[in-house]
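As the structure is a prediction and not an experimental result, all values here were calculated from the model.
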Amino acid sequence: MTRERARWLGVVEGYYGPPLPQAARLDLIRWMGDHGFTCYGYAPKDDPYHRARWREPYPADRMDEFAAMLATGREAGVEVALVVSPGLDWRDGDEEALAAKLVTFRDLGARVLGVAWDDVPAGGAELGHAHGHAVAVAAGAVGDGVDWITCPTDYSGMGVTPYLRAYVDALPPGAEVMWCGPGIVSPHVSEAEIREFTSELGRPVLFAENFPVNDGAMAGVLHLGPYPRRDPGIVEHSTGVFCNLMSLPIASRIGLGVAARWWQDPHGDRERHWREVIDEVPGLLPLARASRSWVGAVGVDDELAAWVDAALAGDVGALRAYLFAGCRDGVPPGLAAEVEPWLEQWDRETQAMQYAINLIELRPAKPAEIAFAVGELWRRARFREQQLFGIRWAAYPVTVRTANGFDVRPDAVVEGDNLTDVLCRAAIDGVSSRG
């Protein structure tokens, strides 16, 4: 059924929200080919023919789009995996419909197919067997020469559930099983955790990385920072990785780029990898410094934070120069258009900080008109969805499995002050350091 293949270094279009425009998707596939990626998975949750109306065949124009994706992928050296997500309303007897849909993808020339059962109601061993058996039936109908990627309903957490045991036992030989780590979003994954899980499962997993994706309650955070902290040992216990991208295909290349560097060099320096990727994009560094935040690292660039500390102590030169220079010069137009809401937020945040610097320089006096201006500009910046200079509020799907399913961990909600809050509050209060 399967072919001998190298490790996966993949990207999945698997977020909640409108699927990518076709032209942007093809551009991303070409970029992937230039950066060592091996597979692009098409699995957008809000494509109705992928999930909500999965039994219905794709219209002819959509099949033409898939053909163009496959052709572009072949030219770029990137396999395109076409995926169906039938779990929302799966019924006994649906195996034939699933197989028929996947056969149409094979006939189009797809050499990697997928079935995703994620984010549907959970169940026990009976459901696990049904899901795994459905993949086996589809694989039998499709025949040889195809690789299979699957995502079970229990795709994160520690410990092999009865569902997952039955699922794996029913799968066809060689089919990949995705796993996200201890949580749907895992701030850190240790070698001990993946070793324990794969030992109990009896096989390696295909690591499903929910980074740099930013859908749902984390949509305000632009993930332009380094790759999350992962122990190098996860490489040994996995068959590769698929990274879930943002709905911003150009901005996603930062997160995908640092992920590729890490998986190709897991013992390398994460900060060096990040700077190498940022340096490939003209003009991006100022915005990237303000957009490093993620659930496992909610702050900003260390040098930027140090400039704020220096400003609070009276040395405003470095911070003022950074803010005054802005973040738009030289940024490629396509990227600038994608991240325009964050560029506008940059303008709000930095205007408030610049007025705060002016107020700091007037110490010990605090003229009311300038203090009031700081307060108003700070207010305008504070109550916006887009997060810069640290996270004020975001909720990540950081979970832990319990006897009753999944519970959200306390560190899922990221809430606090960003650097604008720190600087403006200190300027108005007359505080001289961050304490």
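The closest donor-acceptor contact from the side chain of Asp417 to the backbone of Val422 lies at 3.5 Å or more, if one exists at all. Counting only distance, with no hydrogens or angles, the side chain of Glu176 and the backbone of Thr239 share no donor-acceptor pair below 3.5 Å. Not one N or O on the side chain of Ser199 forms a donor-acceptor pair closer than 3.5 Å with the backbone of Glu196. Thr153 contributes a side-chain N or O that, together with a main-chain N or O of Trp117, makes up a donor-acceptor pair within less than 3.5 Å. Without hydrogens or angle criteria, Trp274 side chain to Leu224 main chain gives a donor-acceptor distance under 3.5 Å. A donor-acceptor distance shorter than 3.5 angstrom exists from the side chain of Glu338 to the backbone of Ala251, with no hydrogens or angles considered. With hydrogens and angles ignored, the 3.5 Å screen pairs no side-chain donor or acceptor of Glu79 with any backbone N or O of Thr38. Counting only distance, with no hydrogens or angles, the side chain of His223 and the backbone of Val213 share a donor-acceptor pair below 3.5 Å. Judged purely by atom type and a 3.5 angstrom limit, Arg253 has no side-chain atom pairing as donor or acceptor with the backbone of Val277. In this structure, the side chain of Ser156 does not engage the main chain of Gly181 through any donor-acceptor pair within 3.5 Å.
Expressed to the nearest 0.5 Å, how far OH of Tyr322 lies from CE of Met353 amounts to 7.5 Å. Rounding to the nearest 0.5 Å gives a distance of 9.5 Å between CZ of Phe211 and OG of Ser252. One finds the CG atom of Asn418 at 8.0 Å from the CG atom of Leu388 (value rounded to the nearest 0.5 Å). Of the inter-residue distances, the one linking Phe37 atom CZ with Gln264 atom CD reads 7.5 Å to the nearest 0.5 angstrom. With values rounded to the nearest 0.5 angstrom, Thr161 atom OG1 is found 9.5 Å from Leu201 atom CG. The NZ atom of Lys101 sits 11.0 Å away from the CG atom of Leu82 when rounded to the nearest 0.5 Å.
A salt bridge between Lys45 and Asp118 is present, with a side-chain N of the basic residue lying under 4.0 Å from a carboxylate O of the acidic one. Using a 4.0 Å cut-off between charged nitrogen and carboxylate oxygen, Arg384 and Glu349 do not count as a salt-bridge pair. Salt-bridge check for Arg328 with Asp347: passed, with a basic side-chain N closer than 4.0 Å to an acidic carboxylate O. Between Arg261 and Glu276, at least one side-chain N (NZ, or NE/NH1/NH2) sits under 4.0 Å from a carboxylate O, which counts as a salt bridge. The residues Asp89 and Arg55 are annotated as salt-bridged, a charged nitrogen and a carboxylate oxygen being separated by less than 4.0 angstrom. Salt bridge status for Glu75 with Arg30: absent, with no side-chain N to carboxylate O gap under 4.0 Å.
Val11 places none of its side-chain heavy atoms less than 4.5 Å from the side chain of Cys39. Residues Val84 and Phe105 are in side-chain contact: their nearest non-hydrogen atoms beyond the backbone lie under 4.5 Å apart. The shortest side-chain heavy-atom distance between Thr350 and Leu323 falls under the 4.5 Å cut-off. Proximity of Arg7 to Val235: side-chain heavy atoms (C-beta onward) are separated by under 4.5 Å at one or more points. Within the 4.5 Å cutoff, no side-chain heavy atoms of Val83 are placed close to those of Val12. Counting heavy atoms from C-beta outward, Val189 and Phe197 have side chains that stay 4.5 Å or more apart. Put simply, the side chain of Glu191 does not reach to within 4.5 Å of the side chain of Pro232, judged on heavy atoms. Within the 4.5 Å cutoff, no side-chain heavy atoms of His188 are placed close to those of Pro182.
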Exercise for review: Any chance you could lay out the ring-ring contact (aromatic ring centres under 6.0 Å, His included) test for Phe242 and Trp263, step after step, and finish with the verdict?
Suggested key: CA-CA 11 Å; Phe242 270 74; Trp263 280 85; over 10 Å; no
Practice item. Run the numbers on Phe389 and Trp346 for ring-ring contact (aromatic ring centres under 6.0 Å, His included), then give the verdict. Key: CA-CA 9 Å; Phe389 303 105; Trp346 166 284; 5.4 Å; yes
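By the salt bridge (Lys or Arg N to Asp or Glu O under 4.0 Å) test, Asp231 pairs with no residue at all, sequence neighbours left out. Remark: Tyr167 pairs with Thr150 by the side-chain hydrogen bond (donor to acceptor under 3.5 Å, both in side chains) rule, at least two apart or across chains. Not counting sequence neighbours, Ser291 has no partner by the side-chain hydrogen bond (donor to acceptor under 3.5 Å, both in side chains) test. Listed by chain and number, the residues in a salt bridge (Lys or Arg N to Asp or Glu O under 4.0 Å) with Arg275 amount to none (sequence neighbours excluded).
Counted within 6.0 Å of OH on Tyr355, heavy atoms from surrounding residues, nucleotides or ligands total 12 or fewer; the atom is thus considered open. Within 6.0 Å of atom CZ in Arg382, more than 12 heavy atoms from other residues, nucleotides or ligands are found, so the atom counts as buried in its surroundings. Asp329 CG: 12 or fewer foreign heavy atoms inside a 6.0 Å radius. Shown here is Asp64, whose CG atom has more than 12 heavy atoms of other residues, nucleotides or ligands within 6.0 Å.
The two atoms that bring Met32 and Val78 nearest to each other are CE-CG1, 3.8 Å, heavy atoms only.
At least one test fails for Arg62 against the ring of Tyr58: distance under 6.0 Å to the centre or angle within 45° of the axis.
Between Tyr163 and His131, a ring centre-to-centre spacing shorter than 6.0 Å is recorded.
Aromatic ring orientation, His50 versus Tyr42: perpendicular (interplanar angle above 60°, classes split at 30° and 60°).
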May I have the list of side-chain donor-acceptor pairs in residues 370-381 shorter than 3.5 Å, sequence neighbours left out?
unit_1 : atom_1 : unit_2 : atom_2 : d
Glu376 : OE1    : Arg379 : NE     : 3.2
Glu376 : OE2    : Arg379 : NH2    : 2.6
Glu376 : OE2    : Arg380 : NE     : 2.9
Trp378 : NE1    : Asp421 : OD1    : 2.7

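Residue pairs that meet the side chain to side chain donor-acceptor pair (under 3.5 Å) test with at least one member in residues 10-21, sequence neighbours left out, are Glu13-Arg25, Glu13-Tyr40, Tyr16-Asp119.
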